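Worksheet: the structure to be examined is printed underneath.
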Amino acid sequence: PWLEPYADAINGRHKHAAEKEAELTNKGKQTLSDFASGYLYFGLHRTDNGWVFREWAPNATQIFLIGTFNDWKEEKKYSLKRKANGNWEIKLPADAMKHGDLYKLMVHWDGGCGERIPAWANRVVQDEQTKIFSAQVWSPEKPYKMKKKTFKAATDPLLIYECHIGMAQEEEKVGSYREFQEKILPRIAKDGYNCIQIMAIQEHPYYGSFGYHVSSFFAASSRFGTPEELKELIDTAHSMGIAVIMDIVHSHAVKNEVEGLGNFAGDPNQYFYPGARREHPAWDSLCFDYGKNEVIHFLLSNCKYWMEEYHFDGFRFDGVTSMLYYSHGLGEAFCNYGDYFNGHQDDNAICYLTLANRLIHQVNPKAITIAEEVSGMPGLAAKYEDGGYGFDYRMAMNIPDYWIKKIKRNRSRDFETDKKLLFLGYTVIHFWGQDIKKHTDECIQAIEEAIWDNTFSDSSFDSSDE
């Protein structure tokens with residue numbers, strides 16, 4: 001009954017998503033999964049007769065493939081031809097390039113030109129000496145074949161271990177997919193987890209961004225190893241009964257122009273909102289234009305790509321609050337239901353997230369989708385059929401974030417006398433317990449021990465807190 005005053009807004013958002021799906025699927029003549037297959041068309045592909053490469057660059061006037069195969073020079077035989085709808089294409093013989101070759105695009109536009117890594121590149125590497133990123137031809141003679149063809153994640157309860165491949169090792173170095181598979185997966189299985197959520201998979205220029213400033217959305221980060229090694233890691237996890245979900249970043253993109261999409265063909269708004277909405281005010285990044293069909297195609301294809309090519313079991317969508325609101329949630333209090341239906345919401349982003357959930361569960365009905373979200377937007381984890389956005393879970397980051405804030409400002413002994421702090425502590429405990437529906441005494445005890453751990457004892461606070 002509390003949402004009844006906002007029925008028109010809720011129904012309007014649902015109608016927007018339904019109408020957009022009808023538009024993208026030609027009124028149902030194809031499926032959303034059929035539409036989201038751009039990765040099979042764009043980018044570099046091996047054919048029976050050689051190679052084909054395609055790119056969407058409507059503002060370009062000329063495009064060349066340059067790389068180790070032509071000494072990084074613009075040559076006529078590596079010049080792309082303009083096709084319809086802003087697409088460019090080139091077909092090459094088998095000997096024009098080989099597995100392991102490095103390449104980029106040299107893109108020309110009115111008034112300028114520049115080197116660019118293809119938007120749909122599925123392999124990007126960094127030179128250890130120059131630190132320059134390049135796309136890499138990836139067509140191994142013996143590609144990895146999944147041993148576990150089908151996998152159904154156990155979700156009753158879903159016990160997630162969040163991890164970062166590079167930071168998972170004890171040694172002071174960047175860990176690898178292979179090391180994680182051999183050293184970390186067995187420990188995760190032994191501890192009773194049935195799902196891992198992997199951060200920083202999509203390629204990113206700055207390692208310190210923890211993978212949140214993505215440049216190449218279809219490329220598994222080469223810092224940790226090869227695509228084949230990541231596939232083997234996922235396959236091995238499945239053999240242990242462990243689901244694998246990706247921390248996917250569709251809320252923004254890195255500003256970089258050479259490595260990323262920031263100014264791909266002389267048009268800074270090809271993928272991103274124009275004007276003041278282009279740049280994220282807090283993250284130093286760029287915001288996707290979810291109102292463009294081509295951008296929706298790019299992002300939905302990205303979801304399907306990771307599921308089909310790598311067998312990921314789902315996604316935790318990062319920064320959902322930032323996507324939902326024109327303000328990115330900054331400076332918003334979200335004190336009542338009116339704050340979710342006051343016209344400050346980006347209906348294009350809501351539509352995209354709804355379609356993403358529709359697609360993901362169409363590709364794999366048992367897939368897991370999680371929204372990392374702090375505002376409490378109603379309907380986020382409600383079924384599409386019920387007027388919701390279709391996520392399976394909401395990861396309400398505001399509760400643990402507020403908990404950490406409170407314990408940093410209060411000494412441990414204050415918990416003995418401050419009933420509000422005690423209430424907050426047990427809210428955190430039972431937030432997780434109730435959310436997974438079933439929990440054991442051991443699970444609750446473990447969470448309690450984590451909260452009361454001496455990490456947050458008096459000795460961990462600055463003297464200014466005394």
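FYI, the numbering just counts along the sequence from 1. Values in this document were obtained by computation on a predicted structure and should not be read as measured data. These values consider heavy atoms only, across backbone and side chains, with no hydrogens, waters or symmetry-generated copies.
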Residues that [X] engages under side-chain hydrogen bond (donor to acceptor under 3.5 Å, both in side chains), provided they are two or more places apart:
| X | value |
| --- | --- |
| Arg187 | none |
| Arg116 | none |
| Lys29 | none |

With respect to Trp120, which candidate in Phe264, Phe217, Phe42 satisfies the ring-ring contact (aromatic ring centres under 6.0 Å, His included) definition?
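Single pass found, and it is Phe42.
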Kindly write out the residues that satisfy salt bridge (charged side-chain N to carboxylate O under 4.0 Å, His left out) with Asp247, not counting sequence neighbours, or none if the list is empty.
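So Asp247 forms a salt bridge (charged side-chain N to carboxylate O under 4.0 Å, His left out) with Arg316.
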No-hydrogen, no-angle side-chain donor-acceptor test under 3.5 Å, [X] and [Y]:
| X | Y | result |
| --- | --- | --- |
| Ser221 | Glu203 | yes |
| Glu23 | Asn293 | yes |
| Ser375 | Tyr325 | yes |
| His213 | Asn256 | no |
| Thr25 | Gln30 | no |
| Asp346 | Tyr273 | yes |

Mark yes or no for whether Arg278, through its side chain, and Pro268, through its backbone, hold a donor-acceptor pair below 3.5 Å.
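Present.
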Do any pairs count as a side chain to side chain donor-acceptor pair (under 3.5 Å) and have a residue in residues 377-390, sequence neighbours left out, and if so which ones?
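Side chain to side chain donor-acceptor pair (under 3.5 Å) check on residues 377-390 returns Arg13-Tyr389.
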Enumerate the side chain to side chain donor-acceptor pair (under 3.5 Å) contacts for residues 296-305, please, sequence neighbours excluded, ordered by first and then second residue.
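Applying side chain to side chain donor-acceptor pair (under 3.5 Å) to every pair that reaches into residues 296-305, excluding sequence neighbours, yields Ser33-Lys304, Ser37-Lys304, Gln202-Asn302, His250-Asn302.
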Under a 4.0 Å threshold between the charged nitrogen and the carboxylate oxygen, would Glu179 count as salt-bridged to Lys173?
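Here Lys173 pairs with Glu179 in a salt bridge, since their nearest N and O are under 4.0 Å apart.
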